[in-house]
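Working notes for the structure below.
Not measured: the values here are computed from a predicted model.
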Amino acid sequence: MKLFGLVGNPLTHSFSKKYFTEKFRRENISDCSYENFQLSSIEELHALIASHNNLAGLNVTIPFKELVIPFLNKLDEIATETGAVNTIKILNGQLKGFNTDVYGFMESIIKLLEPSHTSALILGTGGSSKAVAYGLNRIGIGFDFVSRNPDKNELGYEKLTADVIHQHKIIINTTPAGMFPSIESCPSIPYEHLTKSHLLFDLIYNPDETLFLQKAKERGAQIMNGMDMLKLQAEKSWEIWNS
């Protein structure tokens with residue numbers, strides 16, 4: 001029996017175990033299982049792997065997408081360039097990191113893009129934001145990062161004026177703000193400046209419609225949650241584990 005799983009903290013929000021369990025049932029895959037492994041620190045990774053000799057692959061979520069890198073033997077090109085890993089293949093004791101978030105994000109958003117969507121705001125600067133930035137670069141869309149603690153190359157939330165919102169017709173939330181169970185929170189942006197020409201994408205998929213997306217919908221903006229991205233990156237992970 002091959003074992004796969006998800007490492008992160010917390011994991012109460014995650015649909016990965018449900019997704020893969022249903023996939024295995026649907027596709028009559030009887031020799032695989034998928035479990036959640038909530039770690040208090042990434043230093044517990046090697047002990048986890050040592051205690052499960054049938055562990056063949058892992059997905060990685062908040063807050064370990066960057067912290068996991070020093071614990072890996074190899075990285076693929078995209079993981080190297082983004083500096084973030086969300087998929088690990090375990091083979092003969094070797095751990096290789098990949099980033100399938102890039103694929104999931106690009107395939108999700110590209111079908112929604114309009115000619116006016118030439119510039120984006122990326123809310124957050126964690127591991128997921130790096131995958132989004134890489135994907136936007138590949139698509140040819142410019143972007144600015146927005147952070148609660150901005151450096152010289154980032155915008156603070158207080159800098160999001162009407163003009164900045166007007167110039168950036170895509171706004172992507174890569175933070176956990178609004179994720180279950182904290183569904184009453186949302187990124188602090190001036191929602192009143194959103195228009196019908198805006199596209200707001202939330203990487204969160206639980207709940208289906210975060211407060212961030214609800215506020216955008218009220219302004220007539222186009223919205224999308226992270227469910228398609230989740231499914232696409234999960235299938236890409238499965239492809240990697242079985243290649």
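- Heavy-atom neighbours of Glu27 CD from other residues, nucleotides or ligands within 6.0 Å: above the threshold of 12.
- Side-chain atoms of Val146 and Ile171, non-hydrogen and from C-beta on, never get closer than 4.5 Å to each other.
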Enumerate donor-acceptor pairs with a distance under 3.5 Å from any side-chain N or O in residues 191-199 to protein atoms, sequence neighbours excluded.
from: Tyr191; atom 1: OH; to: Pro187; atom 2: O; distance (Å): 2.7
from: Thr195; atom 1: OG1; to: Ser197; atom 2: N; distance (Å): 3.3
from: Thr195; atom 1: OG1; to: Ser197; atom 2: OG; distance (Å): 2.8
from: Thr195; atom 1: OG1; to: His198; atom 2: ND1; distance (Å): 3.0
from: His198; atom 1: ND1; to: Thr195; atom 2: N; distance (Å): 3.0
from: His198; atom 1: NE2; to: Ile165; atom 2: O; distance (Å): 2.7
from: His198; atom 1: NE2; to: His168; atom 2: O; distance (Å): 3.3

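- By the 4.5 Å heavy-atom criterion applied to side chains, Met229 and Asp101 are counted as neighbours.
- Heavy-atom minimum distance, Leu200 versus Leu213: O-CD2, 3.6 Å.
- Side chain of Lys89 to backbone of Ser243: a donor-acceptor contact under 3.5 angstrom is found.
- Between the side chain of Ser185 and the backbone N or O of Gly178 there is at least one donor-acceptor pair closer than 3.5 Å.
- Minimum heavy-atom separation, Gln38 to Leu11: OE1-N, 3.0 Å.
- Ionic pairing of Lys169 and Glu114 is not present here: no N-O contact between side-chain nitrogen and carboxylate oxygen is shorter than 4.0 angstrom.
- No hydrogens or angles considered: nothing links the side chains of Thr210 and Asn225 as a donor-acceptor pair under 3.5 Å.
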Practice problem: Would you sort out whether Lys236 and Glu239 count as a salt bridge (charged side-chain N to carboxylate O under 4.0 Å, His left out), showing the intermediate values? | Solution: CA-CA 5 Å; Lys236 182 60 73 171; Glu239 181 182 311; 3.5 Å; yes
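- Residues Leu95 and Phe71 fail the side-chain proximity criterion, which asks for heavy atoms closer than 4.5 Å.
- Note: the hydrophobic cluster containing Leu91 does not contain Phe4 (ILVMFWY, side chain heavy atoms under 4.5 Å, direct or indirect links).
- Taking 4.5 Å as the limit, every side-chain heavy atom of Glu107 sits out of range of all side-chain heavy atoms of Glu235.
- Checked against salt bridge (charged side-chain N to carboxylate O under 4.0 Å, His left out), Glu22 has the following partners two or more places apart in sequence or in another chain: Lys18.
- Considering all non-hydrogen atoms of both residues, Pro176 and Ile62 come closest at CB-CD1, 4.3 Å.
- Side-chain atoms of Thr175 and Asn173 form a donor-acceptor pair, as typed in the model, at a separation below 3.5 Å.
- Note: the hydrophobic cluster containing Val85 does not contain Ile78 (ILVMFWY, side chain heavy atoms under 4.5 Å, direct or indirect links).
- Inter-residue side-chain proximity for Glu35 and Leu3 is flagged as met; some heavy-atom pair is nearer than 4.5 Å.
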Exercise. Given side-chain contact (heavy atoms from CB on, under 4.5 Å), test Gln233 with Tyr103 step by step and report yes or no.
Key: CA-CA 6 Å; Gln233 68 82 16; Tyr103 170 81; 5.8 Å; no
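- Between the side chain of Asn206 and the main chain of Phe180, no donor-acceptor pair closer than 3.5 Å is present.
- The number of heavy atoms from other shown groups lying within 6.0 Å of NE2 (His46) is above 12.
- Counting heavy atoms from C-beta on, the side chains of Ile172 and Leu136 come closer than 4.5 Å.
- Under the 4.5 Å side-chain criterion, counting only non-hydrogen atoms from C-beta, Leu58 is in contact with Leu45.
- Counting only distance, with no hydrogens or angles, the side chain of Thr80 and the backbone of Asp76 share a donor-acceptor pair below 3.5 Å.
- Ring pair Trp238/Trp241 is perpendicular by interplanar angle, where above 60° counts as perpendicular and below 30° as parallel.
- Residues Phe143 and Ile170 are not in side-chain contact: their nearest non-hydrogen atoms beyond the backbone lie 4.5 Å or more apart.
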Validation: residues 120-129 side-chain donor-acceptor distances under 3.5 Å, sequence neighbours left out:
from: Ser128; atom 1: OG; to: Lys65; atom 2: NZ; distance (Å): 2.9
from: Ser129; atom 1: OG; to: Gly126; atom 2: N; distance (Å): 3.3
from: Ser129; atom 1: OG; to: Gly126; atom 2: O; distance (Å): 2.6

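- A single hydrophobic cluster is not seen to contain both Val60 and Tyr19; linkage of ILVMFWY side chains at heavy-atom distances under 4.5 Å, directly or through other members, places them apart.
- By the 6.0 Å contact criterion, NZ on Lys23 is enclosed, its count of non-hydrogen atoms from other residues, nucleotides or ligands being greater than 12.
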Practice problem: Please lay out, stage by stage, how Phe201 and Phe105 fare under the test ring-ring contact (aromatic ring centres under 6.0 Å, His included). | Solution: CA-CA 10 Å; Phe201 190 117; Phe105 170 70; 5.5 Å; yes
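- Between Ile139 and Ile109 the shortest heavy-atom distance is CD1-CG2, 3.9 Å.
- Contact detail for Gln167 and Ser119: the closest heavy-atom pair is O-CB, 3.6 Å.
- The hydrophobic cluster containing Val132 does not contain Leu232, counting ILVMFWY residues as joined when their side-chain heavy atoms lie under 4.5 angstrom apart, directly or transitively.
- Judged purely by atom type and a 3.5 angstrom limit, Asp228 has no side-chain atom pairing as donor or acceptor with the backbone of Ser108.
- In this structure a side-chain-to-backbone donor-acceptor pair under 3.5 Å is present from Glu154 to Asp151.
- In this structure, the side chain of Asn59 does not engage the main chain of Leu6 through any donor-acceptor pair within 3.5 Å.
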Quiz item: Yes or no on ring-ring contact (aromatic ring centres under 6.0 Å, His included) for Tyr205 and Phe15, after CA distance, side-chain angles and deciding distance?
Solution: CA-CA 9 Å; Tyr205 50 84; Phe15 283 0; 5.3 Å; yes
